[in-house]
Chemist: 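Before we start, here is the structure in question, set down as structure tokens.
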Amino acid sequence: MNLCTLSALELATRIQARELSSVEATQYFLSRIAETEQHIHAFTHLAEGALDRAEQIDSRLKSGEQLSPLAGVPIAIKDVLCTIGDRTTCGSRMLSEYRPPYMATAVQKLVDAGLVIVGKTNMDEFAMGGSTESSYLGPTRNPWDVQRTPGGSSGGAAASLAAGMCSLSIGSDTGGSVRQPAAFCGVCGLKPTYGRISRYGLVAFASSLDQVGPLAHHVQDLAACMAIMAGHDNRDSTSLAAEVPDYLAELGRPLKGLKVGIIREQVEHAALEAEVRDAVSHTQRMLEELGASILEIDFPHQEYAVPTYYLVAPCEASSNLSRYDGVHYGYRELGDASAESPLDAMISRSRSRGFGPEVKRRIMLGTFALSAGYYDAYYKKALQVRRLITQDYHRAFQDVDLLLGPVTPTPAYPLGEKLDDPVQMYLGDLFTVGANLAGLPAISVPAGFTSEGLPVAVQLQAPALEESRLLNAAFQLQQAGLFTPQVAEPPAT
Amino acid sequence: MELSTDDIRKVASLARLEFSEQELASFSTQLSRIVAFVEKLNEVDTAGVEEMAHPLDVHSVLRADELQPGLSRESALHNAPSHDDECFLVPPVLGQKSHGSR
């Protein structure tokens with residue numbers, strides 16, 4: 001019995017039909033984790049009592065309770081989402097012992113739907129990074145080549161799926177943090193419209209960009225997961241009140257007549273590697289065969305997306321992360337007792353020892369760009385260019401229904417390669433940050449492997465709240481054979 | 001613009017971060033590079049463009065002022081590095097030195 005690449009929906013159907021129990025499914029993945037985790041390090045920690053919770057789901061199902069189409073399925077949660085009674089570390093020393101007194105809404109909805117949390121996945125510290133190397137708990141490795149990064153910041157979320165350690169995974173995406181690791185690990189990942197899923201209990205990085213998103217081997221599992229997590233939440237005033245469509249029922253519409261735009265500035269970008277460009281061309285032909293028409297689109301502000309993002313995100317982060325003061329929760333270390341203000345000395349010392357280098361870099365950049373005399377030149381300027389980037393999207397979506405392009409310029413790169421060069425690391429986000437700046441939904445869909453055996457992927461982007469259109473197109477591509485869900489086997493020891 | 005180690009020291013104090021001399025030097029190089037990179041935005045003519053702080057046009061969301069359950073004191077204090085079961089405890093706001101100098 002191989003459950004690793006079975007769709008989560010199919011797994012739940014079998015659990016519902018009592019062909020196997022949620023306990024058996026959970027045991028299956030826990031033993032995969034026991035075998036593989038030493039090579040991958042996808043988790044910050046495993047959740048306590050997973051088997052007990054699976055047993056409770058089994059008995060509730062047995063008593064005839066209707067939970068959800070995903071009831072009984074083992075799921076991994078990125079360690080940026082608060083889980084009550086368990087640690088939520090954010091991959092940071094600052095929160096290494098933090099036990100949230102409340103549950104993130106998105107996670108609570110999954111638990112209520114009968115999913116079984118098996119563990120919390122590793123991530124770049126406070127979700128800042130694209131390689132999962134900035135985690136205080138050490139890097140995650142790419143299951144397809146353990147010398148390479150799984151991407152980030154949701155690297156653990158993507159790697160846990162690619163290594164067959166869970167059936168579904170939840171990440172967060174501020175500038176590509178679901179889509180880029182999904183691309184590097186050969187799995188599907190969705191960043192929903194800003195506000196579609198509550199951010200309550202999602203540890204804040206950049207509040208106008210952050211969004212929770214699911215990862216899975218199968219597109220229909222993303223749809224099922226969205227149906228559970230999406231919707232308005234009184235505890236997040238930026239969550240959207242728009243009705244939640246039946247994402248699953250919307251899969252299966254023919255693509256005939258769909259207009260797909262290709263952003264010229266993306267496919268012609270000098271940094272785009274040939275094999276990734278080939279994947280986009282291949283997907284384009286497949287969409288045409290499925291009845292879609294292709295239009296070339298101009299995106300005049302494409303090259304300004306990364307600089308805009310690396311002002312907006314650090315500015316918001318510097319403000320959000322001011323809450324870590326060693327007083328209410330988190331790491332504390334006393335400073336110089338003879339300082340003018342021992343309180344101030346404690347705050348500075350706690351922050352300096354509690355945060356790692358990348359987080360400090362972004363706090364410094366944001367503090368600088370928001371400081372007196374520089375605000376207009378940097379932050380305000382970035383907000384204006386953000387408007388222009390959003391207008392590029394609006395113009396494009398007057399002509400097309402979806403945008404197709406790359407997720408990343410290259411496949412997964414070796415661990416350590418970009419650690420000493422922040423700007424190079426940031427440039428890896430050039431195709432993903434636009435959707436965050438404009439608040440639009442986007443999906444990363446696997447599109448085969450390079451000659452070296454590394455996953456490649458394509459990105460589809462849609463107008464706000466058109467997740468159904470994205471999921472349906474991705475599903476049609478999956479059905480047409482753009483990719484086959486696969487799991488990397490651990491290296492022989 | 002180039003950020004000197006003095007600039008970095010000033011920003012660090014605003015951000016409540018402390019750095020060794022060596023870190024100050026390396027931050028000044030790194031942040032200067034990043035700032036030079038984001039200065040690419042100066043190429044864009046943004047005259048008259050309205051700032052966009054947020055993707056949603058949602059302002060001042062209100063709800064009825066009704067009593068709702070909140071965190072208990074116990075769970076609010078649970079993660080505090082130091083507390084006395086009623087309050088968060090912190091080191092003195094003003095130390096010996098500042099008493100002496102005033």
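Keep in mind that this is a model prediction, so the values were computed, not measured. Every heavy atom of this structure was used, including side-chain atoms; hydrogens, water molecules and symmetry mates were not.
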Chemist: Evaluate whether atom CZ of A/Arg323 has more than 12 neighbouring non-hydrogen atoms of other residues, nucleotides or ligands under 6.0 angstrom away.
Modeler: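 Counting other residues, nucleotides and ligands, CZ of A/Arg323 exceeds 12 neighbours.
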
Chemist: I need the A/Lys360 NZ to B/Leu31 CG distance, nearest 0.5 Å.
Modeler: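 The CG atom of B/Leu31 is 12.5 Å from NZ of A/Lys360, to the nearest 0.5 Å.
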
Chemist: Report the option among B/Arg33, B/Met52, B/Met1, B/Glu51 that has the most heavy-atom pairs separated by less than 4.5 Å from atoms of chain A.
Modeler: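 With the most close heavy-atom pairs to chain A, the winner is B/Met52.
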
Chemist: Side chain, backbone, both or neither: which part of B/Phe37 has a non-hydrogen atom closer than 4.5 Å to chain A?
Modeler: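 For B/Phe37, heavy atoms of backbone and side chain both lie under 4.5 Å from chain A.
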
Chemist: Which bit of A/Tyr426 is near chain B, if near means a heavy-atom gap under 4.5 Å: side chain, backbone, both or neither?
Modeler: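 Side chain of A/Tyr426 only, per the 4.5 Å heavy-atom cut-off to chain B.
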
Chemist: By salt bridge (Lys or Arg N to Asp or Glu O under 4.0 Å), which residues pair with B/Glu43, not counting sequence neighbours?
Modeler: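 If we apply the salt bridge (Lys or Arg N to Asp or Glu O under 4.0 Å) test to B/Glu43, skipping adjacent residues, the hits are B/Lys40.
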
Chemist: Examine whether an atom of A/Val327 lies under 4.5 Å from a heavy atom of chain B, and if so say whether it belongs to the side chain, the backbone or both; otherwise answer neither.
Modeler: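 Contact with chain B involves both backbone and side-chain atoms of A/Val327.
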
Chemist: By a 4.5 Å heavy-atom criterion (distance strictly below it), what part of A/Leu209 contacts chain B: side chain, backbone, both, or neither?
Modeler: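 When you check distances to chain B, no heavy atom of A/Leu209 falls under 4.5 Å.
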
Chemist: Name the region of A/Thr390, side chain, backbone, both or neither, that has any atom closer than 4.5 Å to a heavy atom of chain B.
Modeler: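 Side chain only.
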
Chemist: Using non-hydrogen atoms only, which part of B/Leu71 is less than 4.5 Å away from chain A: side chain, backbone, both, or neither?
Modeler: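 Looking at B/Leu71, just its side chain touches chain A.
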
Chemist: Does anything in residues 60-80 of chain B pair up under ring-ring contact (aromatic ring centres under 6.0 Å, His included), and if so which pairs, sequence neighbours excluded?
Modeler: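 Counting only pairs at least two positions apart or across chains, no ring-ring contact (aromatic ring centres under 6.0 Å, His included) contact touches residues 60-80 of chain B.
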
Chemist: So for A/Ala382, is it side chain, backbone, both, or neither that comes closer than 4.5 Å to the heavy atoms of chain B?
Modeler: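 Its backbone and side chain both get close to chain B.
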
Chemist: Pull out the residues in residues 3-11 of chain B that come under 4.5 Å of chain A, heavy atom to heavy atom, sorted by number.
Modeler: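 Those residues of residues 3-11 of chain B which have a heavy atom under 4.5 Å from chain A are B/Leu3, B/Ile8, B/Val11.
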
Chemist: Quick one: pull up OH in A/Tyr98 and CG in B/Asn79 and give me the separation to the nearest 0.5 Å.
Modeler: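 Answer for the OH-CG pair, A/Tyr98 versus B/Asn79, is 5.5 Å.
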
Chemist: Where does A/Leu334 contact chain B at under 4.5 Å (heavy atoms): side chain, backbone, both or neither?
Modeler: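 Contact with chain B: side chain only.
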
Chemist: Only pairs of heavy atoms separated by less than 4.5 Å count here; which of B/Val61, B/Val35, B/Val49 has the most with chain A?
Modeler: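 With the most close heavy-atom pairs to chain A, the winner is B/Val49.
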
Chemist: Mind checking which of residues 14-21 of chain B sit less than 4.5 Å from chain A, heavy atom to heavy atom?
Modeler: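 At a heavy-atom separation under 4.5 Å, chain A is reached by B/Leu14, B/Ala15, B/Arg16, B/Leu17, B/Glu18, B/Phe19.
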
